[in-house]
Participant: 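Handing you a structure now.
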Amino acid sequence: MYDIERIRADFPILTTEVYPGVPLVYLDSAASSQKPLVVLEAMDDYYRHTHANVHRGVHRLSELATTAYEGARVQVAEFIHAPAPEEVIFVGNATEGFNLVAYSWGRANLRPGDEILLTEMEHHANLVPWQILAAERGITLRYLPFRDDGTLALERLDEFLTERTRLFSFTAVSNVFGTINPVRQLVDAAHAVGALAMVDAAQSVPHMPTDVVGFDCDFLAFSSHKMCGPTGIGVLYGRRELLAAMPPFLGGGDMIRRVTFDGFIPNELPWKFEAGTPRIAEAIGLGAAVTYLSGLGLEAIHQHEQSITAYALEALSEIPGLRLLGPPGTQHGGLASFTLEGVHPHDIADILDKSGIAIRAGHHCAMPLHHRLGISASARASFYVHTIPAEIDHLVAGLHRVREVFRL
Amino acid sequence: MDAGMYREQIIDLYEHPLNYGHLEQPDFTYEEDNPLCGDVIRIDVRLDEQQRVAEVLWSGDGCAISQAAASLLTEEIKGQTLAEVKAFSSERLLELVGVPLSMARVKCALLSLKVLKAGAYGIPDPSDMRHHE
Ligand SMILES: Cc1ncc(COP(=O)(O)O)c(C=O)c1O
C-alpha cells in the first residue's frame, strides 16, 4: 500500500514554514526534488565516520570510502537495469552527461554534413552542447516538431531521420508539457537508419521504472537532485562498446592508468571518464536515494503521480482563463504547465509564494519550445512521491486569489 | 503573508500604463529583455536643446512589476537632464515602486532603468566630462 502519510514524514522539509505561520506547499519537484531523511543521514554518516579519498589510499578509511562509492555505482546500475556497473559514469548532472557525449563521442565521430536529430521540446541541456558541436564541426541539427497538444509528431520521423543522421537525442518526458514519449519506438527508429539514440531521462528516472536494456538506448543521462538525491551528481549510462571506444572527456587524476612526460594511458571504464577526486558523498547519497525510491516501488510512484496529475489537470482546467499546456490524460507525467490570461507567470508564482506555494515560472530552460508556442514564459506545478490532493486544492485556491489581485 | 506587494497602484499601472508607445524620432532608443522571465522593455527618449528629457515613451511586455516600474520611471524622468538620467539610482526606482520585492523580482523592477541607462550612455553629453577624456 502507498502510505502517503508515512512518506511525507520521510521528508523533514515538508513541515517547514516558509514565512511565519505559512507552511510549505512544494510543487516544484521537477526543478529539484526534496530529500528524504535517509539520504541526508547516509551523507552525514559518511562524512562523520568514513570520509577519505577513494582509489588512492591503502588505509582503512580510504578502503571504506572506495567500497561505498563503488557500491553506489552498483546500486544505480541495478536501478536502471544497466548490464554492467562500468556502464554507469558519475558526472555532475544530466547536463554534463550531454556535454560528455558531445565532446567525446561527437568530436571523434562526426564529420561535416552529418546530422543530429533533436526535438522541439528539449531542455537546453540537450540543445546547447550539440549547438556548440555543430558550430565547431559543421554538422547540422534538426528538430522533430511537436504537435499542438505537446506530443511529438511521430508521423514525421521518417522525414527527419535520414542516412545522414548519426544521433537522435530526445527527452523521455518533457519538463514543460509532461509528455511521456515512446522511448523504445524512437530508439528503434534511430537504429533503423543506423543512428545512435540518447535519452534525456532527467524527468523520467525519478518517476517511473527505467530499463536501459528495454529502451535499447545507447546513452542515457539523468540528475540525482531530481530523484531525492543530492545536487552535484548525475549519471551518464553508455553502452560499454561505445564508451570503451570514446576518447576521455576531462583529463587528470583517476582517469589515467599511467602518465609519463610524453603522454598518458587512460584508465579502464568507468574511471576513464571520472577525472579528479569524484563526488563521493554525493554518490553515496544517490545510492541511498535509489534504495529509497525502490523501497516505495517505481510503479507505485508512477501510479500515485498519475492520479495526482489527473486530479490537478481536472481542477486547474476549471479556472477561468487558465490554459493547460501539454497532452491530456495518461501520457502525462507528474506536472502541469499553464498560462493564465492577463497575468504574467512571474506574478502568479510571486503571489502563490506568499501562501507558501512553490511553483516554477519562466521558460523552464526550454526557450525554443516557448518560442514555438508564441509565449515567453509559463507557470509549472510539479508533483512527486509526497504530493497530496490537499496541496492541489491550495494551488487552485491560490490561483483564484491571483485572479482577484489582478481584478479578473 | 499577503499579496501586499501587488498594491492597487501596481495593478492600476499594469492595466493602464503611463507613457506607453513609440516615438517617431527619438534621440535615443534602447531595448532589452530579461531572459530569465522573458520580460522585454523598450524606451524611446527625445531631448530638448538643453539636453533635457522632452518626451519619453516605453513599450514592452512582461510581469506587473517590470511594467509598472517602467511607467513610474518614465514619469519621473520627464524634464530631467541627461546627466540626471545617467545618475538615476536603483534605490530611487525601488522607492517609487514602493513595495517589498524578493531578489528575483528586484531584477524585474530594475529592467526599465537598465534599458534607460544603456540608451542614455549611448549618446555623448557635452556636460559629461568622461566623454571628452
Ligand atoms: C528534461 C530535462 N533535461 C535536463 C535537465 C538538466 O538537469 P541538470 O540541470 O540537473 O543538469 C533538466 C532539469 O532541469 C530537465 O528537466
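Naming: A, B, ... by sequence-line order, numbering from 1 per chain.
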Participant: Measure the NE2-CD distance between A:His344 and B:Gln67 for me, rounded to the nearest 0.5 Å.
Facilitator: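 The CD atom of B:Gln67 is 8.0 Å from NE2 of A:His344, to the nearest 0.5 Å.
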Participant: Tell me whether the count of non-hydrogen atoms from other residues, nucleotides or ligands lying under 6.0 Å of NZ in B:Lys117 goes above 12.
Facilitator: yes
Participant: Any idea which heavy atoms bring A:Gly342 and B:Tyr14 closest together, and the distance?
Facilitator: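 Heavy atoms of A:Gly342 and B:Tyr14 come nearest at O-CE2, 3.5 Å.
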Participant: Report which part of A:Val343 has an atom under 4.5 Å of a heavy atom belonging to chain B: side chain, backbone, both, or neither.
Facilitator: backbone
Participant: Rounded to the nearest 0.5 Å, what separation is found between the SG atom of B:Cys63 and the CG atom of A:Asp350?
Facilitator: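 Taking SG in B:Cys63 and CG in A:Asp350, the distance rounds to 8.5 Å.
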Participant: Can you establish whether the number of heavy atoms outside A:His371 located under 6.0 Å from its atom NE2 is more than 12?
Facilitator: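 Counting other residues, nucleotides and ligands, NE2 of A:His371 stays at 12 neighbours or fewer.
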Participant: Once you round to the nearest 0.5 Å, how far does CZ of A:Arg407 lie from CG of B:Asp12?
Facilitator: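 Atom-to-atom, A:Arg407:CZ and B:Asp12:CG are 4.5 Å apart.
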Participant: I'd like to know whether CD of B:Gln25 has more than 12 heavy-atom contacts from other residues, nucleotides or ligands below 6.0 angstrom.
Facilitator: no
Participant: Crowded around A:His394 NE2? As in, over 12 foreign heavy atoms under 6.0 Å?
Facilitator: no
Participant: Is the number of heavy atoms from other residues, nucleotides or ligands within 6.0 Å of CD (B:Glu24) greater than 12?
Facilitator: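 Open: at most 12 neighbouring heavy atoms sit under 6.0 Å from CD of B:Glu24.
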Participant: With rounding to the nearest 0.5 angstrom, report the CG to CD1 distance, B:Asp61 to A:Ile375.
Facilitator: 11.5 Å
Participant: Tell me, with the steps shown, if A:His346 and B:Asp39 meet side-chain hydrogen bond (donor to acceptor under 3.5 Å, both in side chains).
Facilitator: CA-CA 10 Å; A:His346 258 198; B:Asp39 288 0; 5.3 Å; no
Participant: Measuring from atom CG of A:Leu408 to atom CD of B:Glu15, what distance do you get when rounded to the nearest 0.5 angstrom?
Facilitator: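 Nearest 0.5 Å value for the CG-CD distance: 7.5 Å.
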